[in-house]
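Order of appearance sets the numbers: ligands from 1, and atoms from 1 within every ligand.
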Amino acid sequence: MADAPAFTFAHMAHPAPTAASAREAAIADPGFGKVFSDHMVSIDYDLAKDGWHSPRVGPREPICLDPAASVLHYSQEIFEGMKAYKQADGSLALFRPQANAARLNASATRMAMPHLPEDLFVEAVRQLVQIDRDWFPAVDGGSLYLRPFMFATEAFLGVRPATQYKFLVIASPAGNYFKSGAPAVSIWISEYSRAAPGGTGAAKTGGNYAASLVPTADAFARGHDQVLFLDAVEHKWVEELGGMNLFFVFDDGSMVTPPLSGTILPGITRDSLLQLAREEGLTVREEPYSIDQWRSDAASGRLVEVMACGTAAVVTAVGHVAGPEGSFTIGSGGPGQLTMKLRAQLVGIQRGAIPDTHGWVVKI
Ligand SMILES: *Cc1c(COP(=O)(O)O)cnc(C)c1O
């Protein structure tokens with residue numbers, strides 16, 4: 001990885017970068033996804049011109065699209081979510097960027113889009129972090145959130161995979177994901193479905209999020225923090241939250257997470273927690289878990305903790321669950337010991353405070 005980049009990115013002059021004073025104000029209280037850094041990386045794809053070409057780093061600016069661009073009509077769009085972290089020694093690092101690159105290509109396969117070479121993906125992200133290194137938030141637990149994404153640009157209204165695409169990476173300084181820094185979240189069991197068997201649930205594509213907006217608004221309106229989706233067929237099996245995977249921790253030291261059956265998103269945080277928990281000596285099973293079992297395990301006390309995980313919020317406790325059939329609490333309703341421990345381990349590895357024995361941390 002430390003070798004000279006195999007790709008040459010052109011650097012375009014930036015006529016009007018943000019003034020230092022405005023940048024400092026922005027990174028002092030960034031929130032999540034509201035403030036953006038000065039630059040973006042772009043790479044274009046044209047099937048008729050040997051695929052990916054013209055990688056460049058330039059000013060972050062509006063994109064010019066033909067009104068017939070197929071992304072606007074048939075939604076060929078995929079994205080990734082990842083973070084760059086400032087290490088204890090002041091250096092910058094990415095967490096498992098190759099896994100994001102591989103997942104982007106898995107999403108691309110499902111959405112009939114071209115693969116981007118994994119090394120080109122990682123280099124694009126690295127270039128952006130390097131040029132916008134002054135955009136790291138000046139707050140505790142802050143990071144630079146990175147949003148690589150790809151969409152169809154070809155002007156064509158026939159229904160078939162487009163032949164032209166754009167891959168971009170933008171960056172946003174990020175503080176804490178939950179406004180309140182919530183110690184435990186409350187979730188609403190949605191009657192809507194997120195993903196059906198054979199559908200696009202395992203792809204990180206904008207359409208899955210579009211479909212989750214009404215259910216999420218419904219959960220918010222009822223006073224909850226997040227929405228829980230059950231399977232689309234029996235409306236019985238727990239799948240995931242709008243953008244986070246779930247883990248169930250039992251009093252015998254075992255842990256369960258729903259399997260990657262094609263209707264849930266294969267989270268990189270999920271995969272990392274599976275490994276960390278196994279190393280902790282927990283028995284971890286990837287198996288279906290029903291909402292009825294959840295309710296009765298919470299009532300009996302056999303279920304001691306529930307964790308929700310994803311890049312943006314890392315690891316968060318689920319304290320309360322509510323649905324049309326009533327509500328219940330997990331444990332004391334606050335974050336449990338294992339949640340705190342695994343969270344601290346993961347955050348420690350990401351920030352270089354704990355040695356990385358897995359080769360997950362990639363220095364910039
Ligand atoms: C991105 C995402 C996740 C979490 O994935 P991470 O790689 O851990 O950030 C979970 N569920 C959905 C629906 C997602 O889009």
Check: Between the main-chain N or O of Gly141 and the side-chain N or O of Arg351, is there a donor-acceptor pair closer than 3.5 Å?
Finding: yes
Notebook entry, point to check: Tell me: protein heavy atom nearest atom 9 (O) of ligand 1, and distance?
Noted result: Thr311 OG1, 2.6 Å
Check: Would you say Arg103 contacts ligand 1, with heavy atoms under 4.0 Å as the rule?
Finding: yes
Item checked: Over all atoms of both residues, closest heavy-atom pair of Thr329 and Ser332 -> CG2-C, 4.2 Å
Checklist line | Shortest non-hydrogen contact from Thr8 toward Pro55 | finding: O-CG, 3.4 Å
Notebook entry, point to check: Relative to ligand 1, is Leu265 under 4.0 angstrom through side chain, backbone, both or neither, heavy atoms considered?
Noted result: side chain
Next item on the list: Report the part of Met244 (side chain from C-beta onward, or backbone N, CA, C, O) that has a heavy atom under 4.0 Å from ligand 1; answer both or neither where that applies.
Entry: backbone
Notebook entry, point to check: For the residue pair Trp294 and Phe248, does the interplanar ring angle fall in the parallel (under 30°), tilted (30 to 60°) or perpendicular (over 60°) class?
Noted result: perpendicular
Checklist line | Shortest reach to atom 3 (C) of ligand 1 by a heavy atom, considering only Ser272, Gly310, Gly243 | finding: Gly243
Next item on the list: Please report which non-hydrogen protein atom sits nearest to atom 1 (C) of ligand 1, along with the residue it belongs to and the distance in Å to one decimal place.
Entry: Lys204 NZ, 1.4 Å
Check: When you measure from atom 8 (O) of ligand 1 to every protein heavy atom, which one gives the shortest distance, and what is it?
Finding: Thr269 OG1, 2.6 Å
Check: Heavy-atom contact under 4.0 Å between Arg194 and ligand 1?
Finding: yes
Note to self: Closer than 4.0 Å to some heavy atom of Asn245 - which atoms of ligand 1 meet that?
What the structure shows: 10 (C)
Note to self: Using a 3.5 Å distance criterion without hydrogens, assess whether the side chain of Ser193 forms a donor-acceptor pair with backbone atoms of Ala195.
What the structure shows: no
Check: Counting only N and O atoms by type, is there a donor-acceptor contact under 3.5 Å from the side chain of Ser290 to the main-chain atoms of Gln293?
Finding: yes
Next item on the list: Return the residue, atom name and 0.1 Å-rounded distance of the protein heavy atom closest to atom 11 (N) of ligand 1.
Entry: Glu240 OE1, 2.5 Å
Next item on the list: Could you tell me whether Arg160 sits above the aromatic face of Phe156, with NZ or CZ closer than 6.0 angstrom to the six-membered ring centre and within 45 degrees of the axis?
Entry: yes
Note to self: Taking only non-hydrogen atoms of Ala312, do any sit less than 4.0 angstrom from ligand 1?
What the structure shows: no
Check: What atoms of ligand 1 come closer than 4.0 angstrom to any heavy atom of Gly267?
Finding: 5 (O), 6 (P), 7 (O), 8 (O)
Check: Among all protein non-hydrogen atoms, which one is nearest to atom 15 (O) of ligand 1, and what is the separation to 0.1 Å?
Finding: Tyr209 OH, 2.5 Å
Margin query: I'd like to know if the side chain of Ser70 and the backbone of Ala162 have a donor-acceptor N/O pair within less than 3.5 Å.
Written below: no
Margin query: If you count heavy atoms of other groups shown closer than 6.0 angstrom to CD of Gln337, is the number above 12?
Written below: no
Checklist line | For Gly242, atoms of ligand 1 separated by under 4.0 Å from a heavy atom | finding: 13 (C)
